[in-house]
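The structure appears below as structure tokens.
In listed order, ligands and their atoms are each counted from 1. None of the values given here were measured: they were computed from a predicted structure. Computed from heavy atoms alone, side chains included, the values below leave out hydrogens, waters and symmetry copies.
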Amino acid sequence: MPDRSHNIDPDRLLGLYKTMRRIRAFEEAAEAASLDGRVGGAVHLSIGQEAVAAGVCANLRPTDQITTTHRGHGHCIAKGTDPGAMMLELFGKEGGTCGGKGGSMHIADFDVGMLGANGVVAAGIPIAVGAAHGAKLLGEDRVVVCFFGDGAINRGPFLEGLNWAGIFALPILFVCEHNSYASTTRTEAVTAGPGATARAESLGIEAFEVDGNDVVAVDGLAGELTGRIRAGGGPFFVTARTYRLKGHTSVDPGAYRDEDEVSLQWAEDPMNRCEEELQRLGLAAAELETIGRQATEEMAAVAAAATAAPHPALIQAFTDVQDVGAPVWSALP
Ligand SMILES: Cc1ncc(C[n+]2csc(CCOP(=O)(O)OP(=O)(O)O)c2C)c(N)n1
Ligand SMILES: [Mg+2]
């Protein structure tokens, strides 16, 4: 078993930190744009969960693939999707990852192996399993990572997907991002038995638990498991314990949670924990501040560009969708 202690190369940890800061800055910019109405409707923020996205995706190649959920901005950024195109998508603007038609919950970017966010809980699981089965049939050495929440384990596709992956020994890593909530409900109140890890094990899938706010631990475990998949192993399952520091959506004040619970969890903010680790390795606080400022500036520029960008021409409503025949709306510009 490889060493999973905190012996990490400082440069690697710095790279993980930069990814986490970019995700946090993107989420803060998206939150502001949702609250002031530039983005129509609410968005699901991954603030507090950045270490899972960064730690797992740091072990993936451009040809590897992921699926994600309604809370998928962090996974997209960590996999290499351009935040500028993502922000345009959130704003419903021209140049968005899906032409501005999908929005936050339907970002997809096949060029970097990002097979799609998904507004339907657990619906990404069979898609990821299908992609992994495709890799196996084609003899390609792709690894597929399937991100989903702790609420998703109570839906049927979870059982179907894990069963199929187990039967066919597929090259897939399931990552259950366990933030303890499904919307306004504590998941333990609606989950029978010991939970995600045990359910995977009951299907014969080797499963692990990791502190999802510890990016070094996530990176180490993901490195080990993706390595074993590339060597012909898999599937594997990881439950990453983390916490959703914000409400379920950008407009949810989260009144169903105890204030003490939330403030205790802010003390476990993965960003601070990563900074402490970097300082222990000799990085200066000023250097970390510069990285944070650069990330904020990058995402402020991205949001400003999305604010100024045009909406797609109305005729675009008829492209890239199902065959609707020739549009007859002659008034279209
Ligand atoms: C099939 C389905 N049922 C219900 C919903 C409404 N819904 C949206 S997000 C969510 C909670 C999901 O919880 P979890 O999987 O833990 O993800 P998290 O929001 O915590 O990231 C629910 C119930 C949905 N989108 N799809
Ligand atoms: Mg959850």
>> When you measure from the side chain of Lys136 to the backbone of Ala131, do you find a donor-acceptor pair of N or O atoms at a distance under 3.5 Å?
In response: no

> Taking distance alone, with no angle check, do His44 and ligand 1 share an N/O pair under 3.5 Å?
Replying inline: no

> Which atoms from ligand 1 have a heavy atom of Ala182 less than 4.0 Å away?
Replying inline: 11 (C), 13 (O)

> For ligand 1, does Tyr181 get within less than 4.0 Å through its side chain, its backbone, both, or neither, judged by non-hydrogen atoms?
Replying inline: backbone

>> Thr187 versus ligand 1: do any nitrogen or oxygen atoms come within less than 3.5 Å of each other?
In response: no

> Should Asn179 be listed as contacting ligand 1, given a heavy-atom distance under 4.0 Å as the test?
Replying inline: yes

> Arg244 to ligand 1: N or O pair under 3.5 Å?
Replying inline: no

>> Minimum heavy-atom separation for Gly80 and Val112, please, with both atom names.
In response: O-CG1, 3.8 Å

>> Quick test: of every protein heavy atom, which one is nearest to atom 24 (C) of ligand 1, and how far off is it to 0.1 Å?
In response: Val121 CG2, 3.6 Å

> Looking only at heavy atoms, which two atoms of Tyr181 and Thr187 are closest? And how far apart?
Replying inline: C-CG2, 3.7 Å

> Nearest to atom 17 (O) of ligand 1 by heavy atom, His70, Met105, Arg71: which?
Replying inline: His70

>> Could you check whether Arg273 pairs with Glu276 (Lys NZ or Arg NE/NH1/NH2 to Asp/Glu carboxylate O, under 4.0 Å)?
In response: no

> So, for Glu31 and Lys246, which heavy atoms are closest and what is the spacing to 0.1 Å?
Replying inline: OE2-NZ, 3.0 Å

> Phe158 and Ile125: which non-hydrogen atoms are nearest, and at how many Å?
Replying inline: CA-CD1, 3.9 Å

>> Tell me if a side-chain donor or acceptor on Lys101 pairs with a main-chain N or O of Gly96 at a distance below 3.5 Å.
In response: no

> With atoms numbered from 1 as shown, which atoms in ligand 1 lie under 4.0 angstrom from a non-hydrogen atom of Gly149?
Replying inline: 14 (P), 15 (O), 16 (O), 17 (O)

>> Under 3.5 Å, is there a donor on one side chain and an acceptor on the other for Ser104 and His73?
In response: yes

> Is there any N or O on Val120 that sits under 3.5 Å from an N or O of ligand 1?
Replying inline: no

>> Here's a test for you: under salt bridge (Lys or Arg N to Asp or Glu O under 4.0 Å), which of Arg24, Arg22, Lys18, Arg21 qualifies with Glu298?
In response: Arg22

> Quick one: which of Val215, Ile291, Leu283 gives a side chain to side chain contact (heavy atoms under 4.5 Å, CB included) with Tyr17?
Replying inline: Ile291

>> Please list, in number order, the atoms of ligand 1 under 4.0 Å from a heavy atom of Ala152.
In response: 15 (O)

> When you check the space around the Mg ion (ligand 2), which protein N, O or S atoms turn up under 2.8 Å?
Replying inline: Asp150 OD1, Asn179 OD1, Tyr181 O

> Is the closest heavy-atom distance from Arg155 to ligand 1 below 4.0 Å?
Replying inline: yes

> Nearest to atom 16 (O) of ligand 1 by heavy atom, Ser46, Ala122, Gly151: which?
Replying inline: Gly151

>> Nearest 0.5 Å, please: how far is CD in Glu268 from OG in Ser263?
In response: 11.5 Å

> Which pair of non-hydrogen atoms, one from Leu245 and one from Gly48, has the smallest distance, and what is that distance?
Replying inline: CD1-CA, 3.5 Å

>> Tell me which pairs pass ring pair (Phe, Tyr, Trp, His ring centres under 6.0 Å) where either residue lies in residues 77-117, with sequence neighbours left out.
In response: none

> At a 4.0 Å threshold, what atoms of ligand 1 neighbour a non-hydrogen atom of Ser183?
Replying inline: 10 (C), 11 (C), 22 (C), 23 (C)

> atom 25 (N) of ligand 1: which of Gly119, Cys176, Pro157 has the nearest heavy atom?
Replying inline: Gly119

> Looking only at heavy atoms, which two atoms of Thr307 and Ala303 are closest? And how far apart?
Replying inline: OG1-O, 2.7 Å

> Is atom 6 (C) of ligand 1 in close reach of the protein, with a heavy atom under 4.0 Å away?
Replying inline: no

